[in-house]
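Data block below; observations after.
The figures that follow rest on heavy atoms only: side chains count, while hydrogens, waters and symmetry mates do not. Chain letters run A, B, ... following the sequence lines, proteins first and then strands; every chain starts at 1.
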2 protein chains.
Amino acid sequence: MTTQDRLIESTQDLLWERGYVGTSPKAIQQRSGVGQGSMYHHFTGKPDLAAAALRRSAEQMRGIAEADLAAPGTAYDRIAAYLRRDRDVLRGCRMGRMAQDPDVVADPQLRAPVEETFDWLRGRIADLVAEGQAAGEFAPGLDPADTAAAVVAVVQGGYVLARAAGDAGPFERATRGALGLLAAHRSA
Amino acid sequence: MTTQDRLIESTQDLLWERGYVGTSPKAIQQRSGVGQGSMYHHFTGKPDLAAAALRRSAEQMRGIAEADLAAPGTAYDRIAAYLRRDRDVLRGCRMGRMAQDPDVVADPQLRAPVEETFDWLRGRIADLVAEGQAAGEFAPGLDPADTAAAVVAVVQGGYVLARAAGDAGPFERATRGALGLLAAHRSA
DNA sequence: GTCTATAGCCTGATAGAC
DNA sequence: GTCTATCAGGCTATAGAC
């Protein structure tokens with residue numbers, strides 16, 4: 001692994017654990033085992049490094065979600081697979097975590113990967129809902145974009161509730177609740 | 001307003017805007033107009049002040065939610081009122097914001113108000129769902145606790161999506177989507 | 001490319017005068 | 001109760017040698 005890669009991976013981990021404000025260049029150097037001079041040789045500073053880390057995390061998150069959403073099965077099955085996927089719930093979402101940080105939201109370079117990830121995810125699920133409607137699987141009254149936003153929000157909010165409780169339970173309940181609500185719309 | 005109150009209110013605001021890690025005693029002093037010696041006379045330090053601020057925010061959030069949930073109307077109407085309430089979406093939730101901060105989650109004194117608020121909220125809405133089922137308003141197949149967790153998660157996740165997008169739109173879509181899913185379970 | 005040195009500012013307090 | 005002084009340490013770099 002290259003020095004850049006080690007820096008980016010350490011930054012990804014620290015951003016996930018501690019957020020942008022809570023992550024210092026010094027901590028990145030220590031975790032990656034890369035020296036100060038070396039770090040500033042490869043990246044111009046903390047925002048630059050964070051942007052690279054966020055772009056990589058965005059790519060990874062998209063790949064993981066796509067694996068569920070493009071799997072064989074009905075539209076409902078694939079949305080259910082996304083909602084039921086086994087997660088390290090108390091760690092939360094790499095991307096969702098960033099949306100809470102004012103310094104990330106204020107910097108277009110940092111916010112862009114976060115925004116694009118969720119735009120893509122909502123669009124992907126909205127298409128799935130529409131596909132399910134065309135197949136007669138979901139009631140035609142359902143708005144695909146609204147329903148998709150609700151599904152993604154349940155996952156993101158589930159993380160919040162779980163971390164607040166110090167327990168994965170609320171996440172499981174929220175996703176189960178969402179599936180229960182969605183199931184009633186099936187014709188099958 | 002007393003000096004304590006000014007300190008607590010400033011801390012509430014700063015925790016909301018910047019999170020726990022991003023909020024310094026110095027910033028609290030500047031916003032409140034209270035001097036350093038005075039601050040340390042009334043509170044032992046940052047965690048003590050933050051705990052007081054979070055307890056007050058928890059109380060306020062509960063009061064605001066209860067206003068919607070205890071209003072006249074059917075169970076569906078009251079849950080809809082909660083979901084549709086006019087919010088400063090891009091500011092996010094005072095309590096949900098805290099669940100992302102590792103220092104808050106790690107400190108029982110700080111996490112307690114957050115946990116209790118969401119426990120109460122989920123329980124309150126679960127009771128409402130059960131009440132609606134008893135009245136024949138909701139399908140009996142719905143699990144009250146799961147459904148309540150999903151409703152609360154949609155709101156919390158809606159904030160995340162909205163901040164990620166830099167726009168309130170995704171929040172509105174998510175809550176509308178949740179209402180659309182819930183509406184299908186009504187007998188009325 | 002990587003290293004050490006240095007810098008100015010911030011953090012989160014403590015101490016003691018008033 | 002409130003004030004100013006002080007402090008050890010961290011933050012986020014920049015500079016220049018190797």
With a 4.0 Å cut-off, would you call A:D103 and B:R18 a salt bridge?
yes
So A:R87 and A:Y159, side-chain hydrogen bond (donor to acceptor under 3.5 Å, both in side chains) or not? Walk me through it.
CA-CA 10 Å; A:R87 289 168 163 96; A:Y159 286 127; 3.1 Å; yes
Take the protein atom NZ of A:K46 and the nucleotide atom P of D:dA13, then report the distance between them rounded to whole Å.
8 Å
d(CZ, B:F43; P, C:dG12) in whole Å:
16 Å
Take atom CD of B:Q36 and atom C1' of C:dA13, then tell me their distance rounded to the nearest Å.
8 Å
Within the structure shown, what part of the strands sits under 4.0 Å from B:G37 by heavy-atom distance: base, sugar-phosphate, or nothing?
base
Aromatic B:W16 / basic B:R97 pairing, under 6.0 angstrom, 45° off normal
no
Is the shortest side-chain N to carboxylate O distance from B:R84 to B:E172 below 4.0 Å?
no
Quickly work out the A:D48 CG to D:dA13 C1' distance and round it to whole Å.
14 Å
Measure from CD1 on A:I28 to P on D:dG10 and round the result to the nearest Å.
16 Å
Could you work out which one of C:dC3, C:dA13, D:dT12 sits closest to the side chain of B:P47?
C:dA13
State whether A:T3 places a side-chain N or O below 4.0 Å from either non-bridging phosphate oxygen (OP1 or OP2) of C:dG1.
no
Heavy-atom nearest pair, A:R122 first then B:P170, reads NH2-CG, 3.7 Å
Go through D:dT2, C:dT14, C:dT11 for me and flag the one nearest to the B:H41 side chain.
D:dT2
Can you tell me the distance, in whole Å, between the NZ atom of B:K26 and the C1' atom of C:dA13?
13 Å
Starting the side chain at C-beta, find the nucleotide from D:dC3, D:dT14, C:dG12 nearest to B:P25.
C:dG12
Is any side-chain N or O of A:S24 closer than 4.0 Å to OP1 or OP2 of D:dC11?
yes
Between C1' on C:dG12 and CD on B:Q30, what's the gap in Å once rounded to a whole number?
14 Å
Between D:dC11 (P) and A:Y20 (OH): distance, integer Å
14 Å
When you measure from the side-chain N and O atoms of A:H42 to the phosphate of C:dT2, is any distance below 4.0 Å, counting only OP1 and OP2?
yes
